[in-house]
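Computed from a predicted model, the values in this text were never measured in an experiment. Proteins come first, then strands; the chains are lettered A, B, ... in the order of their sequence lines, and each starts at number 1. When reading the values below, keep in mind they use all heavy atoms of this one structure, side chains included, and skip hydrogens, waters and symmetry mates.
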Number of protein chains: 2
Amino acid sequence: MRRPTIADIARQAGVSKGAVSYALNGQPGVSEATRARILAIADEIGWRPNIAARALNGARAHAVGLALCRPARFLGVEPFFMELISGIEAELSARSYALLLQVVGDHEAEMGVYRRWWGEGRVDGAILVDLHLDDPRVPEIEEMGMPVVVIGHPSAAGSLLPVWADDGAAVRETVEYLAALGHRRIARVAGLPRLVHTVIRDRAFTDVCAGLGLDVCPTVHTDYTGEEGARATRRLLSSPDRPTAVVYDNDIMAVAGLSVAQEMRLDVPADLSIVAWDDSPLCQVVRPPLTVVARDIPAYGGHAAQRLLSLIDGADTRPLEDVPPRLTTRGSTAPPA
Amino acid sequence: MRRPTIADIARQAGVSKGAVSYALNGQPGVSEATRARILAIADEIGWRPNIAARALNGARAHAVGLALCRPARFLGVEPFFMELISGIEAELSARSYALLLQVVGDHEAEMGVYRRWWGEGRVDGAILVDLHLDDPRVPEIEEMGMPVVVIGHPSAAGSLLPVWADDGAAVRETVEYLAALGHRRIARVAGLPRLVHTVIRDRAFTDVCAGLGLDVCPTVHTDYTGEEGARATRRLLSSPDRPTAVVYDNDIMAVAGLSVAQEMRLDVPADLSIVAWDDSPLCQVVRPPLTVVARDIPAYGGHAAQRLLSLIDGADTRPLEDVPPRLTTRGSTAPPA
DNA sequence: TTTCGGCACTTATCCGGTTCAGCAGTAGCG
DNA sequence: CGCTACTGCTGAACCGGATAAGTGCCGAAA
């Protein structure tokens, strides 16, 4: 049951290893007749190139890495990562690249994983997600010299190649829509305050609220879990001048917020409008279905993968701004009572 | 910026490549003084073994594969896979194994991926999920000779190593609990009918209902999506002798069912009891929080990874029956009105 | 004093591909 | 006819590490 090698093919075809290599790689140097014979034999005995041997010759590892740095219980919650991964993969597998995945606990462990992968020659590059403010990973990766695409805003990506979407524009669209419905008190239940995209959304939210002359526009930060989303909602809805609309930073918190509102005998959307970030089946399954800021996450991941492969090939390395998220209105938003 | 090799270390230490190799691998053949000097140099210049070179010497690839064969949009929905993956990873990374992940569209593509990974020497083994009835993948993998752990029932795993949990027992526990509450008409909204675990749950459900002498116990099959869960629920609740309890095969369908019930002005749990399969933050966030059949999915994945690594090492290859899922009661179940 | 054993290394080979230099054979051309 | 140019192939080196087979040297036992 030994794996066949090009030496086996060479023996059967009665030529040298070199000739077999040329034939199998579409290189000139063998006649068409010989090439056809070699290919037929290779196919017959089920030969596959051994990537280890190829990689040894300075060739690509034909794999890229993705280390996710969130506790397992948070990862399972949001469809975001799974969708992102499938988008990345669709692109990678079309080019016969493999994805190495690892879930780690903290940034230090994450960097350890990247160092190992890169040092061992396991990957040709990686995708970095969840940028922090003053993210220590950026300078460390720059020093490593590993090709990396950052899913996040260019302002925090250093010299790494960013792929990002204009979250600010989506926040503005959402708030303007709510203001047009007549809402004057809009609250935001945001994610982790140290994440760059949270900061960007925070700033856009504050700016557009001020620009529209809205009354009070509190932002509450959470860890993205339903519990904290529920707690934040409870606090907001208990305040004297409670908001008439709440914008959430993910879907699970929005659903939790919806439950809290219904528990407090508030009608959604009559008494409270709710907007979720990132669409998911979840948002369409609850009553009323949630108005969401939707983006094509698999496409987003696919673009990142494309850019990374280009970067690895030494080609086109310009930053890519993806299409901005779009507001999709459903039953959870309406003019305030 | 070339990656350092043992030749670099040998040059700096003034010894041969062989000596360096012995020193770095803890083999006898070098003095402790030399070993220490070599290790210090290796550490200083940041040397890492090139896995490609190691693999070429017949060593392990130190990676295992997982190909998921479900459309991307279904994958993101259920926390199951993400939790399973993080559990697998926790075990793998502790042993410095990497996980190769690929999302594919159908079984044929999945087998292509396994063939390529195995043929190219990229992986030492793989984990197979979502067993079908008469699954064509089982005999094909048996023929390939790749070490594989199957997450699923032994009856369908052929000669591959199964890791499974007793779903039937959990179904029995659930139905008996509902019957003890006084329910006589219990329905089941199941997943894809071709999956082995669906069949096992189906049979257990029918058997225990018959054993308890319950009135009508319909099972409706779906594709696991919220839409189909909602549709099935609507149909069940519109029937003349509608069930007083529904057991769902995942969490998203249970939540969809809850919304449908509330839309139909049925009180949960007074008019309808609901049980979900697999716990998730989602189940705790909705009102009322859902009674669930819970299992420790990360642990499950971890056990599968352990078994696979044992199998690769040629050690302990007995099937593993994991702890059965346990019923966790919350607010969505009560005696029928 | 010789011999043997073992330590601490070196040298050479191998893994499975890629790639380059070289070398027949032949066709083209003056 | 002789020279060049090209085709189609061979042989060997090489990638980075593992490892079997030496080799030189020292100390202890006969």
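Using a 4.5 Å heavy-atom cutoff, the side chains of A:V148 and A:I127 are not in contact. Using a 4.5 Å heavy-atom cutoff, the side chains of B:R295 and B:V323 are not in contact. With a 4.5 Å cut-off on side-chain heavy atoms, B:V163 and B:V150 do not count as touching. Within the 4.5 Å cutoff, the side chain of A:S310 has no heavy atoms near those of the A:Q306 side chain. A:L68 is listed as a side-chain neighbour of B:M82, based on a closest heavy-atom distance under 4.5 Å. Side-chain contact between B:L195 and B:L131 is absent, with no heavy atoms from C-beta onward closer than 4.5 Å. Contact check for A:H107 versus A:H132: side-chain heavy atoms found under the 4.5 Å cut-off.
Using cut-offs of 30° and 60° on the angle between ring planes, the pair A:H153 and A:W164 is perpendicular.
Relative to the axis of its first five pairs, the axis of the last five pairs of the helix from C:dT1-D:dA30 to C:dG30-D:dC1 sits at 60°, rounded to 10 degrees.
In this structure, CD1 in B:I51 is found 4.5 Å from CZ in A:R122, a value given to the nearest 0.5 Å. Distance check: B:L66 CG to B:L84 CG gives 7.0 Å after rounding to the nearest 0.5 Å.
Judged by the 6.0 Å and 45° rule, A:R3 forms a cation-pi pair with B:W118.
For residues 21-29 of chain B, proximity to DNA chain C is found at B:Y22, B:G29, defined as any non-hydrogen atom under 4.0 angstrom from a strand atom. Using a 4.0 Å cut-off on heavy atoms, the residues of residues 41-62 of chain A that approach DNA chain D are A:L56, A:N57, listed by number.
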Validation: residues 10-20 of chain B side-chain donor-acceptor distances under 3.5 Å, sequence neighbours left out:
residue : atom : partner : partner atom : Å
B:R11   : NH1  : B:D8    : OD1          : 3.4
B:R11   : NH2  : B:D8    : OD1          : 3.2
B:S16   : OG   : B:A19   : N            : 3.3

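First and last contacts of DNA chain C with chain A, using any nucleotide atom under 4.0 Å from a protein heavy atom and ordered 5' to 3', fall at C:dG16 to C:dC20.
Where B:V15 and A:G18 meet DNA chain C, the nucleotide closest to each residue was compared, and B:V15 sits on the side nearer the 5' end.
Within 4.0 Å (heavy atoms only), A:S31 reaches sugar-phosphate atoms of the nucleic acid but no base atom. Residue B:V20 is classed as having no contact, given no heavy-atom separation below 4.0 Å to the nucleic acid.
Rounding to whole angstrom units, CD1 of residue A:I38 and C1' of D:dT10 are separated by 13 Å. Atom NZ in B:K17 sits roughly 10 Å away from atom C1' in D:dC14 (whole-Å rounding).
Considering only residues two or more places apart in sequence or on other chains, B:Y97 meets the ring-ring contact (aromatic ring centres under 6.0 Å, His included) condition with B:H62.
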